[in-house]
Each structure stands twice: as C-alpha cells, then as structure tokens.
Number of protein chains: 4
Amino acid sequence: MNNFQNILEHIARDIELVKDRGTVASYIPELAHVDKNKFGMHLIDAQGNHYGTGDSEEGFSIQSISKVLSLSQAFAIMGDKLWERVDVEPSGDPFNHLSLLELEHGIPRNPLINAGALVIADVLISHLENPKADFLAYVRKMANDENINYDMDVAASESKTGYTNYAAANLLKSYGNIKNDVDDVLDFYFHQCSLKMSCRQLTEVFYIFMNRGKCRRGNAFLNINQVKRVNAIMLTCGFYDEAGEFAFEVGLPGKSGVGGGIVALLPNQFCIATWSPGLNVKGNSKLGMIALEQFTTQTGLSIF
Amino acid sequence: MNNFQNILEHIARDIELVKDRGTVASYIPELAHVDKNKFGMHLIDAQGNHYGTGDSEEGFSIQSISKVLSLSQAFAIMGDKLWERVDVEPSGDPFNHLSLLELEHGIPRNPLINAGALVIADVLISHLENPKADFLAYVRKMANDENINYDMDVAASESKTGYTNYAAANLLKSYGNIKNDVDDVLDFYFHQCSLKMSCRQLTEVFYIFMNRGKCRRGNAFLNINQVKRVNAIMLTCGFYDEAGEFAFEVGLPGKSGVGGGIVALLPNQFCIATWSPGLNVKGNSKLGMIALEQFTTQTGLSIF
Amino acid sequence: MNNFQNILEHIARDIELVKDRGTVASYIPELAHVDKNKFGMHLIDAQGNHYGTGDSEEGFSIQSISKVLSLSQAFAIMGDKLWERVDVEPSGDPFNHLSLLELEHGIPRNPLINAGALVIADVLISHLENPKADFLAYVRKMANDENINYDMDVAASESKTGYTNYAAANLLKSYGNIKNDVDDVLDFYFHQCSLKMSCRQLTEVFYIFMNRGKCRRGNAFLNINQVKRVNAIMLTCGFYDEAGEFAFEVGLPGKSGVGGGIVALLPNQFCIATWSPGLNVKGNSKLGMIALEQFTTQTGLSIF
Amino acid sequence: MNNFQNILEHIARDIELVKDRGTVASYIPELAHVDKNKFGMHLIDAQGNHYGTGDSEEGFSIQSISKVLSLSQAFAIMGDKLWERVDVEPSGDPFNHLSLLELEHGIPRNPLINAGALVIADVLISHLENPKADFLAYVRKMANDENINYDMDVAASESKTGYTNYAAANLLKSYGNIKNDVDDVLDFYFHQCSLKMSCRQLTEVFYIFMNRGKCRRGNAFLNINQVKRVNAIMLTCGFYDEAGEFAFEVGLPGKSGVGGGIVALLPNQFCIATWSPGLNVKGNSKLGMIALEQFTTQTGLSIF
C-alpha cells in the first residue's frame, strides 16, 4: 500500500505549517537540549512493510513509552497475580498523583502512571537475575535489533533531579508495595526510561501488540488474552489525564513519552510511531497528537 | 452464524451456576422490586440477524444507558461546540463525584457521569420544542419501534428521592453550566433514565453505534467521526470507576445502568446487550460483566 | 476605660488611609448594593460599657455570623447529642466544600461551614414550634433588643440564587443528615442569614460568649462548658479557610460574614465587632481583619 | 497552690481506672518497646512552682512536640519571612498529607505537620553552623538543663524506616521548597524528633510560650507578638486532624507527639505536660487527652 506512504508524507507537509510546536520538556535537564524542529513518523503494517517520513530513523529518549515494555515483561512473568499490586483504572487526575496513592493505600491506579511503573520495576528486579541487562535483552529480542540501548547520560540526568519519583517510590515503600531497595528500583526505572529508539524501531518493538503477542519472527511474548489487556490499558491509561482525549480524537491504543514520542496501533493492521519533542500542556507531543488524529481521520482506521 | 446463538446459550448455562448474583439497586425504590433471578442476553449482527437467550425480550429500566442516547441527540444538534460544556475524560473517581465538579469549576468530566448527563439534558431542553416527547421520538426512530416508552412510576420514584441529582444540578447551576430551570432539567433527566427496553430493543437502538451512525433502515443519526467519538467515550467512561476494568476484561465500548442492563458493541460486527438486576460494588451488573467477558474471550472478538 | 475609645478612633483613622478595601460580595444580588466606604467598629466591655466609632450603629446583613447563634440555640436544646450530626474540626479547605461532605458521608466538618449550618437549621426546625419566629425571639432575648429583624429582601434574594446551598442541602438529605423538607431547611437558613444588626447590636448579642453564657441581664443561655466549646469552634472554624490566619494575626475567637461584619471576643473582658463591606479573597472583611489585628497588637489583649 | 497538686493526683487516680489505654505507636520500631502502663503529669505555674504525679520525671521520646521548638528557633531567625515557605492553616485532613502538598505547590499547610516541619528543618540547616548541635544547645538553654539529649537509637530507627518522611522531603525538594540536601534535612529532622525529655523537662522548655517569650531566667527567645503566633499555631494545628477536638475539649494551645507526650499551656498562668504511650486513632495520647480535658474542666482554666 503506497497509500500509507502518501498519507504520511501528506500529513508531514501539513504538520510543517503548524506554528505552535509546544514546549520541550525541561525537567530532565538532558532532554532540554533536543531540537524542537525534529519531526518523524513511521508505520509498519501487518505484513511487515515499512513506511516512514521525516526524522523517522533518528533515535530519541522514549521515556514513558518504556512502561508498556516493562509491563509486558512483568505480565508475562507474573500473569494475573500482577494485578494484586497495581490496578487497571485511568487515574483521571491532572495534578495530584501521590494523593491517589495515599487514598488507595499504595496500590497505583494503573501501570502506566509513574507510581505504577515503579511497582512494575520492583517486580522485575525481584524476578530478573540481572534486571537492567535482562530487560534490555528482552526489548532487543522483541525488535530483533541489538542496536537498542540505554542512554546513560539521560539516566544519570534523571537520577540527579527526579525528586518526584524518589517521593513516589518512598511512598510506595511505606505502604509495602515496593519490596526491593528504593534506590535499586529507581536506578532500574531511570535506565528503563532512558531507552533510545527511532520511530522505526518503536514500530518494530510494538509490533507484538498489533500481532496478538508475536514478534515478526513469530516468537510469542504474550498470549492473545494478555495482549488484549495491555492494549486496553494503553487505551484507557496511556496518555496521563489526556487518555480520554486521545481515545476520542485518535481512537487507537497507544503510549506517549515526554521525549516527544508516541506509538499507537490498530490490532491486526498496523503500528505507527511519531516523534516531535514539543509537548502540549498535558505532557504529550503536540504535533504527534495532531498527526495521529489526521491519520485516523483520513484513513477511517481506528478501533471505533 | 448459528454460532452466536450457541455461544449465548452456552454462556447463559454457565451463568445460571453463579451463586453470588450481586445486589439489586435500592436507592430508587421502584427498582428494588425487580426479580433478581432475571437474566437475558441478546445480540444483533451487522446484517440485522437476532440471537437471544433467557429474558432477552422482557423490558427493564435502562437508567444510565440512556445517557448515550441523549448525548447522541445533543451531539447531532450542537456538533463540537458541545465539548465546551462537558469534557471527555474518565472521572477515575470512586467516591467524590461532586468534588470533581468543584475542582473543575462546573465542567463535568464526561457526559456519562450524572453531572455530565444533566448538562446534556439542559442542552436538549434548550434545543427541543417538546423535550420529553422529542427525545422519546428520537429513540423510537433509532430503533424503528413505537413501543418504547418512559416508565412513569420509575420517573416519579426517582423524582421523590434523587437528592444527589438535585445536589449535582444545583451545583452545576451555581457554575452557570445549567441554563434552564433546575427542576425542568431534573424532570427531563428522570424521564430519560426511566426508559424501559428489553435487551433486544437495546441492540436495535444501539445498532447505529456499530453501523457508522446509521440505523437499520439506513437513516443517519451521527456521522462517522461522531460515532467514533461516542464509542471512545463509552469505552473510557461508560462504567463509572470500573471503565478500565471493563475495557480490560471485555474490550468493547459499552454502557451500563443501575437497572442491571449493559449494552456493548464491536464496530461493523455486532451489538450485544445483557440484563441481570444484581449489581457489583461498583454499580455494574455482576452477571452481565461476567457474561460479556466470557463472550469476547470465547469468540476472540474485541476492539483490542 | 476611655482608653478603648481612643484606640478604636485611632485605628479607624488608620483604616481610612487603606486604599484597597476589597470587593463587596456580589453572589447575593441584594448585598451588592451596599456602600463600600462604610466602616464601623464597636466594643462592649465586661461591665457593659460601650465604645464605638464610624458606622457602628448602622444595620447590615450579618449573614454567616448568624451561624454561631443558631448553633448556640441548637446546642442548648440538644446538648452533646448535637455532635453526632456535625463534627468540630476545621475544614481547612479552600475550594471543595461538598467533596468533604462526600468523603465524610454527610457529616459536615463543623457547624460554621454552610453544610454544618444547614444541619443545625434542620435541628432547630425539628425542635422549635415556629422555627423562624422562635429563633428571632431567641436572638432578641440575648440582646434584650426587640428591634432586631430579618431582612426579607435579602432572604428572598438568596432564596432565588443560592444554588450552592440547594446543592449542599440536597447532598445532606441524600446522606440522611437532613430530616425535614429541604425547602423548609433552606427557607429557615436564608432567613437566619438575613438577620440585620449594627456592630453595637452584635456586641450585645455576643456578650453571652464573653460572659460565660449569660446575657447582660443575667439570663443563662449556655452553661460555662458549652460556652468554652462554642468559643473553641469559633476560633478553629470561624473564618473558613482563613481560620488559622485569624487566630495567628488576631488571636480571638470570632466569626465573619459575607456582609462584611466580624465579631470577636476575649472571655471575661470584651466583645468587639467591625463592619466594612469589602471582602478579601477568602471572603472575610478586608478592613475588619486589619482593624482587629491592630486592636489586639496595640492592646496586647488576646487569648494567646 | 497545693490545689494544683491535689487536682493532678485526683486525675491520676481516675486515669488509673481507664481500661482502654490506646495503642503504642509501632511505625518507629524503637518506640514500640515502651511500657504502655506509664503515666505522668506535670505542671509549672507562672511563679515557677512545680507539681507532678506518676512518671512525670521519666524521659520519653518527645517526637512531634519538638516541631514547636524548631519552629521557634526558625521564627526567631527569619521573622515573618518564614511564612513565605510555610502556611499557618490547619490541614484538616485525616489521610492525604502529600496530596495537599501537591495541591498547594509545595507550601505545607502549617509548620506542625511533617511536611512543614521538614521545611523548618531545612531553614535551620541553612542558618545554623552546626545544625544538630546548635538546635540542641538552643533547647537546653530554653530549659536551663544540660541533661536534655537526642536518643540516637530512636533517630537511627526512624532513619531506617521513615519512608513517608523521605517521600515528603523529596516532594518538597521537587517544588524547590527544600534548599539543602534531602538526606541532611531528614537526618536533622530524625534527630530533632528523637529528643528525650520528661514531663517536668517539657514544662520547663515550654515555659517561654506561657511567659511571653522569656525563660525562667528571663532570657527572651521570642517577642510577645511571636509567642502569640506560635501559640495560635499550636491551637489550630497542634493535634493533626484532632486539633478542633482538642480546642473543643481542652481549650489550650498545645502539641502532641507519637511518643505519647502532650504539652499545653495557659498564657501567664501555667504550662502542663502529660505522658502516656497509648495513642488514640488520631495518633494523640489517649489518656493524656482525657487527663487534660479533666484538668481544664475541673479548674475552669482555659483560653476560652
């Protein structure tokens, strides 16, 4: 379908004209240096054909997008026992993330908010022999790509300034919902978030969520019921307190990161990734949201 | 597909064995009399074929399910200007519905919580000549069924005891987000919620959300972009603070009511409704949730 | 002590120079007409000597100050059983008054927030034969002054626009913490708040709280333990979410109203009232707060 | 006044009969070992006369009572500039301490909740040359007692398990309201809370708050306006979410600690301390609250 290629290029041209490109995240100092004018978009279809435009092969910090990958690994290990430690409801909350934790006695609302991802990190540390190396190997295997790596500068930068995450991890520990040492959990978490990938690589990694749990070489990472559940969590919880808006405008399960990346997918049909570093007020990539809305509107392809 | 008929009957037999059927809603006195042992399930496919089991043709009070219908009519009238008065985010909130209203200055989180539905009711009163009659006519036309009616006893019962709704409506009025008389808005709202339908009728009415906005006779009630958005809202907001759970377990856009009904749909494929009056602690039909989870797990049919 | 007279006059002269006099309350239309330049201050000492300055003998709408009087009457009737229906803790809450009610299942935080005062109104309606007349008689008797009256225009004005109070009353009713008809409770409440008094009259009425429960003619309205408790509630809860600030700056038990009045007292020594219609952002009289802070600082007279 | 001695002994006899002595705090492991049957009560009057009963000369961990002392030292150093970093309103909040911080952007409600005390600790670290030593010297000087010391075991115990405080300090740091290293602030804070004193020593230390800022040897620690403000904060914020109740029942400014101590005072008249390790559900000494209520009721001595 050259059609996909045409649509991506058409949207990219429209996007170029948008004046307000949002604000590059500054709370992680290392991310603040990224060029705001970058824009990439990439799609892989069910047959494995690639379509890309702009900076779609340039690596960037995937940040919170990595939460879907750690969730996937933890879910494969723990099965449904995982849900004893984290819920699957949208947080619906623009501001007081920690208050929900207090209200709900240390059980995070879902695995895609920071508190939930810290619990997932704790689960992985308990079950993996060499947590950071094993998680990286897992992600590389999903994409069949040994070039995927942590960005140590980004991890170090967040480790120095991530006070909110230190607060969340200690609060979870006070409720007994972190079993390992708080510093170990945060070290793992900051590395996980520092994963560097291009849009193209993201579509390769997330191919399993579009393909009933199997990567392009046919290896199963999750069973079909598990994939359905991870996709459901992406849809209801993948965009902070803008999850409803993303479902409403775009209509695909997906996940965003403060590095400016977004990945989304239509089961059995395609996986798509965008990158534009400027964020909107809710912390999601401004141009990425627009591009994906245009994509599902123009193609009529969405889960709804 | 006689297959659908077999699956429905198989699930109904399993459901019969479930011992804890939940609790019948008692806060609306008139609903408390309903027989807890009722169970019905009905499906209509894209071609208009009907499959049903149990009490699928017996009418019950659809209650909050009606919010999707009033939303639909208001959206058709107002277009995207509607979203200036109500948001599209999940409330994620187990307990303090009114506090969110206060926090967000009178803009309800979404049109499927009570406060949001009251704003929608206010919109309809402003735009319809004979609001109650016109809304009923709209619903009858969707289903091509003149037998659909309000249950005046239920409406009267709720009017006498619906103090929480009186509170919400007055709070909205204090923020200027109700334009008409509070009593008129509540009178419309209590009638809307009292609509009585069977599972079979529900699938006929909700056929338009599965069929890109058109009813079975081909009349368009919403355009394709609007249907996508209403389905997105059902998925993220249709089950109170159990929306994530329903997406996670069932994986279909849908809506529940305290009368024990649930309706859900897979775009372009089918619309399904269940009825069992006993509710779980979150206020959704206990057996209906189980039946629908089994249905999408056994058929492998879901949006994810 | 001509000293008191000198101090009052000295403060009044300083107050005249304050440029920003705050904002007159507009949410009760009838109150919006009041002249912002009014300023009165009045003191009665334990011996019954009067000291006044400015508009200290002009009547104004005492509004929430009346909550102390209805509390007093209900406490005298019910004794400590009253505290089963309302708590005695500061609400500490700048914005979401109703959310606290939801969180705490219909038991208002204290009798001086609106929700608490509505419960007190409900108690009085249950126990008084002619609630409005009997409450007025009670207040007149405290002050030995038959000229104290409701302002029917203010009561009618609030009855038409008091949607937040309608919301609170209905929410309380939904929790069963209002026993009478909601409309009757609100009618009583709006009348109670419409009481019109001058600063001089306020000091006469509140004399009992400074004088161990007895009015100037020696009649006991509360016993000494009850007065201690009402004074404690005034100190911790009398100024909405500025209670801490008032205790901190002024250091006296007291109560404010949106009509611009404040009354405060030092047990066994004096009772003082101010009136200036402009309010600060927390809804307390701007100049009244300043004048009382100056008064306790200059005299060194406070409970601390 | 031998009268005071009689009253203390009389109350102590009554207290002996109370069956439910509450629960000893267990979240600081080192405190869990304390003998629940301990009870002490001590009073110093304005003239410096001492009256004591029970275990009034046995040392215990004063914990949160120390917050008044650090506040006092910081207030003396910073003056009113201190209030730019911490508010003076009661928190009124039974459960979600951190959520308030989030809501209010890192400005704690008052200096007597943990978050506020951490900000005060940060202020002292910025201004004192040897913070822990200088603070200890300050407290010893107030009491003219070189025997007052930190309990290193308690400090170490809390340092190992105080995750909630680590969470609060990191959250404050994320808002920029902690200037020093988080670990330094917590180290200071855990030492401050570990101060060990008897009831007798507590009354000596708190004598300055009853005596217009001057200790028994006449040295001024705060001026009269500052003392008034610290006493106001104790009254409105000194007992967590039971501050209203303590004002209501006892009617004195005071402060409690989870070690089971309470200190309270009547300006110009007396300072009184109790110790009983069992706590009520709000975290305040159960018998201490009862003893102090009886004391002010029997003597008729309170600020109200």
Side-chain angles (χ1 to χ4, degrees), chain C residues 80 83 86-96 100 103-104 109-113 209-210 212-213 223-253 265-268 282 293 296-298 300-304, chain D residues 80 83 86-96 100 103-104 109-113 209-210 212-213 223-253 265-268 282 293 296-298 300-304:
Chain C
D80 285 330
W83 312 116
V86 61
D87 204 349
V88 296
E89 293 297 331
S91 73
D93 213 317
F95 63 97
N96 49 350
L100 278 175
L103 204 58
E104 291 163 11
R109 271 295 173 91
N110 65 65
L112 301 186
I113 55 172
F209 302 105
M210 172 259 275
R212 302 172 165 248
N223 68 39
I224 189 168
N225 268 319
Q226 291 172 323
V227 165
K228 166 180 156 186
R229 280 156 170 78
V230 173
N231 284 341
I233 293 171
M234 277 196 255
L235 192 87
T236 55
C237 316
F239 292 80
Y240 312 106
D241 53 315
E242 204 172 36
E245 184 76 11
F246 191 79
F248 182 86
E249 296 289 354
V250 177
L252 297 176
L265 58 101
L266 183 60
N268 306 315
K282 306 278 182 121
E293 190 276 333
T296 58
T297 299
Q298 287 178 27
L301 295 170
S302 86
I303 59 171
F304 301 118
Chain D
D80 286 329
W83 313 116
V86 61
D87 204 349
V88 296
E89 293 298 332
S91 72
D93 212 317
F95 63 97
N96 50 349
L100 278 176
L103 203 58
E104 292 163 11
R109 271 294 172 91
N110 65 65
L112 301 186
I113 55 173
F209 302 105
M210 172 258 275
R212 302 173 164 248
N223 68 39
I224 188 169
N225 269 318
Q226 291 172 324
V227 165
K228 166 181 158 185
R229 279 155 171 80
V230 173
N231 284 341
I233 293 171
M234 278 197 254
L235 190 88
T236 55
C237 316
F239 292 80
Y240 313 105
D241 53 316
E242 203 172 37
E245 184 76 11
F246 191 79
F248 182 86
E249 296 288 354
V250 178
L252 296 175
L265 58 101
L266 183 60
N268 306 315
K282 306 279 182 120
E293 191 275 333
T296 59
T297 299
Q298 288 177 26
L301 294 170
S302 88
I303 59 170
F304 301 118

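In the text below, chain A, chain B and the rest are named by the order of the sequence lines, each starting its count at 1.
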| message | Let's test your reading of the structure: which of D:L266, D:T236, D:N225, D:N231 forms the most heavy-atom pairs below 4.5 Å with chain C? | response |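 The residue among D:L266, D:T236, D:N225, D:N231 with the greatest pair count is D:N231.
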| field | Winner by heavy-atom pair count (cut-off under 4.5 Å) against chain C, out of D:P253, D:C237, D:P267 | value |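 Option with the top pair count is D:P267.
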| field | Under 4.5 Å from any heavy atom of chain C - which part of D:I233 | value |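 Looking at D:I233, just its side chain touches chain C.
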| For D:T297, is it the side chain, the backbone, both or neither that has a heavy atom under 4.5 Å from a heavy atom of chain C? |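 Contact with chain C involves both backbone and side-chain atoms of D:T297.
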| request: Side-chain contact test, heavy atoms from C-beta onward, threshold under 4.5 Å: evaluate it for C:F209 versus D:F304 and give yes or no. | output: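 C:F209 does not reach D:F304 side chain to side chain.
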| message | Shorter than 4.5 Å, heavy atoms on both sides: which option in C:V230, C:V227, C:N110, C:L235 has the most such pairs with chain D? | response |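 The candidate making the most pairs under 4.5 Å is C:L235.
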| task | Sort out for me which of C:V250, C:D87, C:L265 touches chain D most, counting heavy-atom pairs under 4.5 Å. | result |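 Result: the option with the highest number of such pairs is C:V250.
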| request: Would you confirm whether C:K228, through its side chain, and D:L301, through its main-chain N or O, come within 3.5 Å as a donor-acceptor pair? | output: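 Absent.
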| request: Would you check if the side chain of D:E245 reaches a backbone N or O of C:E89 as a donor-acceptor pair within less than 3.5 Å? | output: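 Flag not set: sc D:E245 to bb C:E89 has no pair under 3.5 Å.
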| query | Where is the tightest heavy-atom contact between C:A232 and D:A247, given as atom of each residue plus distance? | reply |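 Shortest heavy-atom contact: CB-O, 3.3 Å.
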